[in-house]
Amino acid sequence: MSEDITKGCDTCLFYNSAQLKKLGVNVDNADHVVALAGNPNTGKSTVFNVLTGLKQHTGNWPGKTVTRAEGGYSYGDKQYKLIDLPGTYSLLSTSEDEEVARNFILFGQPDVTVIVVDASRLERNLNLVLQVLEITDRAVLCLNLMDEARRHGIEIDERTLSKDLGIPVVPTSARNNEGIPKLIQTIQDVASGKIICKPHRIKSLPKAISKAVDKLNTQIRNAYPDLPNSRWVAMRLLDGDQDVMRALTEGEFQSLEYSEQG
Amino acid sequence: MVNPEIALAIFFCSLAVLFLGHKLKIWSTLFSNREQARKALIEDVLKQLFHVEYSGRSAGLNDMAGALEIVDNKLVEIIESMTLGNLIESSRNIIQLTPAGRDYALKIIRVHRLWEKYLSEKTGIHKSEWHDRAELKEHTLTSEQAEELYQELGSPRYDPLGNPIPTESGELIYTNWKPLSSLNSGTRATILHIEDEPEVIYQRIITKNLHVGSQLRIIESSEHQIEFYCEGNVYKLSPIVASNINVKELKKEDSFEESHVRLTALNNGENANIVGISSECRGVNRRRLLDLGFIKGTPIKIEYPGPMKNPKAYLIKNTLIALRNDQAELILIEKE
Amino acid sequence: MSKDKSKDILEKASSLRWEVGDNFHDKLTEGIYADAANISQRVEIKEGQGDYSFDRKLDRILTSRGFGFPIMFLILSVVLWLTIQGANYPSGMLATLLLENIHPLLKQGVASIGMIWWLDGFLIDGVYLALAWVIAVMLPPMAIFFPLFTLLEDFGYLPRVAFNMDSMFRKSGAHGKQALTMTMGWGCNAAGVVATRIIDSPRERLIAIITNNFSLCNGRWPTQILIATIFIGALVPSGWAGLTSTAAVIGIALLGVVLMFFSSWMLSRTVLKGEVSTFALELPPYRPPRFWKTIYTSLIDRTLIVLWRAMLFAAPAGAVIWLVSNIHVSDGSLANWSIEYLDGFGLLLGLNGVILLAYIVAIPANEIVIPTILMLTVANLNMMGLGAGEGVMFELDSSLETGNILKAGGWTLLTGVNLMLFSLLHNPCSTTIYTIYRETKSWKWTALASIMPLILGFVVTFLVAQFWRLLR
């Protein structure tokens, strides 16, 4: 009985440590793995630095972090491992950066994915957000650069945004340390399962396309009933994604079938 | 110390030898493989025969020798051995493919078109070189490799020029197109295919910047010249060039958008909405533009023309994105 | 069992893809953006279109036809001037401290503990001196150049530079952002190569990496200035000497730019033709940089990392330099033998064996080329009373004395000119070669980037030397 409880606690580590090791992430001392995704030039690295205390250089440039940066922090009694993914506009193209980011979220299965967006340019940033939400259902939206948005006369209705996306939204201004405590708390809530996300799924697809996606999705679900992102896998297969095809033939999806019940 | 005259003479002589050797293809012939060359020749004959039959004509020995640029006695020898191998049959002066030969020819064509598709999607090779590279590649790729390529490219139906790609089992989509030169004045049509042979004419079409998938309207068609409107520009082609562009006539109920022009036609201060990206924009380039928000219905305008007018900075979805003019050429807009 | 299932799925996907046609990706992206537009319309409360009037006003000046280029060149000149002028004093101080004060102290120290002579020479005269030289020459300019560059970067000005310059780079098949990686290369080629990460197109990034070596880096400026002063400044009346030699150095740097464009053009049309090429350049909003934080992070992030890498490579080079001068085979040192062996080829290029040997042993760092040349010249000529001993690199305070040593070594104006050319056109230092490998993960591109400039250097110096001799 008591053994079961400890086992149950082990499963609060959602992440897939074998896969993470393969991706080169050492998770020995971490309780939770948190990935940081976002468009270029949204202050993602600043968020990373504020959270970890590292002094990684952040330029006013699209696409600065080509290789992944890692860092850690502790909050409460938990150790968090933070992975800064390359800044990308999308996860659908085939550039090296996007592959790194995409493979990490898909195969690394971080406990929480924090998506950093530029509050003053929400629409363009949502492109990436919606894609990430197809892959993972444990995400936090970090609405960064709030100071800039205010300066440019833009305000965001965070509650509606949170409701529409189905994930918690935290407005921040990482440069000025605004909103960071709330972000850390929210990451914990999602990691510990206190907040359950119901992420938005892409709706506005033409009939022919969504029909094809559904057909393939059904077949994937039959083969891998516990795969959390089968619809996204279906989309990638229809798009001819080589990585996903390879993962499928090599049986990697079986290892992705984590079961949240333990 | 070496005499400077001698040193310079040796230097320039060796430079000249290297250059001439390259120009006269001495290096490539020196290292080429005879067995391979013979196989390539057989395959070229098959392909040529297939194209002739596909267009509803028939071919004799002389046509073949002309089309393939080889000497007669060598061709005769090849034809004989191909007849023995049951790839072709000849009666009177006409050479025909056997079913086995037709299958073989389709396999070669499949590889050729897949490779052109590959070059267009996954590499930066310019389109003027696709044909020649595919001509070499078609003789070396095995059918397993071709199948892998087909999967990797996402099961494409057409090559970048609009030619249908034969399926693995040798089926070919029927193409219902006719040459641009055959259209009457006032006709509206969509470009379906651009022929890449002969090369001189293809190069002319490339310089004209016409794209597969574009809609056009014939202004005037005579036996000297074909004048037509396409995406904001007026083009004039000689019939011999126009006959290498194949089109499908639009029916009455099909919409023809006269107001769809290229982004290059946008002037400072004008507002427009994006209506699409040309099929000529491929691979990563296309995906990148889509990711950046160049999506149907998106408002766009020039924010800064830039010091050299190329690239220009466009305002789209509240972000400044600089595009070069050759990219803007591939984006269709409708001015407000 | 799961193999079969996977195969079924893939087959199904393939047949569905055939049905859907080639535009799945377009439709998917359109769908995502449609959702994004719906959501953002519901949640964005804008006053007007969002107020970017300051950004727009500034950009209209910075990207204008009239002001764009002058402002750019002005800023670049100020940055370079601050770097060169500002570095003079700390560089001198560091040199005095490390070479004139600490070096003798170290020598005394090891003498007092009675270290074996060769270990003393190997460690102190070899390894320590090489490190000291690299630090003294490299650290001050980089500690000024990189923070200034980073401030401009954080403000958001650099993307505008790339925007303005793109039309020039486009014509040679390169990306406008290469203007920036090239400029970074004037600070340090290794840093310039790392900076090519901002170029997201595979072909243009490789071009920028391979041609970065044509940016005359920090370690090479002092060589250029010294040789120009000795050989070119001496050609004109002394009043004009300074101006003429400065012009010669700038001429070499500009030649580097010309060759960068030329080789970019060549590469994009030959070996790199098949690489994918894309162009996208976002002009981000301006952001006020946080001054001290930027300076701090750029020192940590760029300057110290690059310096550390350079030191790792320079240390063994110092050891090798000391060894070749102190290992004797029959009646000469290894250095003597190699110089004799290389002399023939060196003369063909209008250089000499000493220069070639110096460039071979000083691959790790351009900073130590001149001290090595001086040491080797003196050692090879057996000049008494000059220099600091076998295998001990040194520099002299006055360029006149340096010139005398070099002229005694048989140097002429041709040697000087060709050394300046060769200093621009030779393989990248080993720090840069290593960095190129790290960035490209390809031996092929690393080899090309290392050998191409060297061959170009051989050809150019050869032609200059032969025509020079022919026309005299």
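The shown structure was predicted, so the numbers you read here are calculated from the model rather than taken from an experiment. By convention in this document, chain letters (A, B, ...) are assigned in the order of the sequence lines, proteins followed by strands, and residues within each chain are numbered from 1.
- Contact detail for B:R157 and C:E19: the closest heavy-atom pair is NH2-O, 3.5 Å.
- A donor-acceptor contact shorter than 3.5 Å is absent between the side chain of C:Y33 and the backbone of B:F294.
- By the 4.5 Å heavy-atom criterion applied to side chains, B:H126 and C:R269 are not counted as neighbours.
- By the 4.0 Å N-to-carboxylate-O rule, B:R286 lies close enough to C:D26 to be salt-bridged with it.
- Under the 3.5 Å distance criterion, the side-chain polar atoms of B:R324 are left unmatched by any main-chain donor or acceptor of C:F279.
- Distance OG1/C:T29 to CG/B:L292: 11.0 Å, rounded to 0.5 Å.
- In terms of heavy-atom proximity, B:P307 sits nearest to C:T63 at CD-O, 3.3 Å.
- Side-chain N or O atoms of B:N285 include one that pairs as donor or acceptor with a backbone N or O of C:S277 at under 3.5 Å.
- C:R203 places a side-chain N or O within 3.5 Å of a backbone atom of B:G124 that can act as its donor or acceptor partner.
- In terms of non-hydrogen atom pairs under 4.5 Å with chain C, the most contact-rich of B:Y158, B:F12, B:Y150 is B:F12.
- In this structure, the portion of B:K312 lying under 4.5 Å from any heavy atom of chain C is its backbone and not its side chain.
- When all heavy atoms of C:R469 and B:P4 are compared, the closest pair comes out as CB-CG, 3.9 Å.
- Both the backbone and the side chain of B:S155 have a heavy atom closer than 4.5 Å to some heavy atom of chain C.
- Annotation: side chain of B:L290 is in contact with side chain of C:H25 (closest heavy-atom distance under 4.5 Å).
- Between B:L320 and C:D59 the shortest side-chain heavy-atom distance falls below 4.5 Å.
- Nearest approach of B:Q151 to C:S14, heavy atoms of both residues: NE2-OG, 3.6 Å.
- Nearest heavy-atom pair, B:A322 versus C:F163, reported as atom, atom and distance to 0.1 Å: CB-CD1, 3.6 Å.
- The closest side-chain heavy-atom distance from C:R56 to B:Y304 is below 4.5 Å.
- Closest non-hydrogen pair, C:S167 versus B:M308, comes out as OG-CG, 2.9 Å.
- With a 4.5 Å cut-off on non-hydrogen atoms, B:E5 touches chain C through its backbone and its side chain both.
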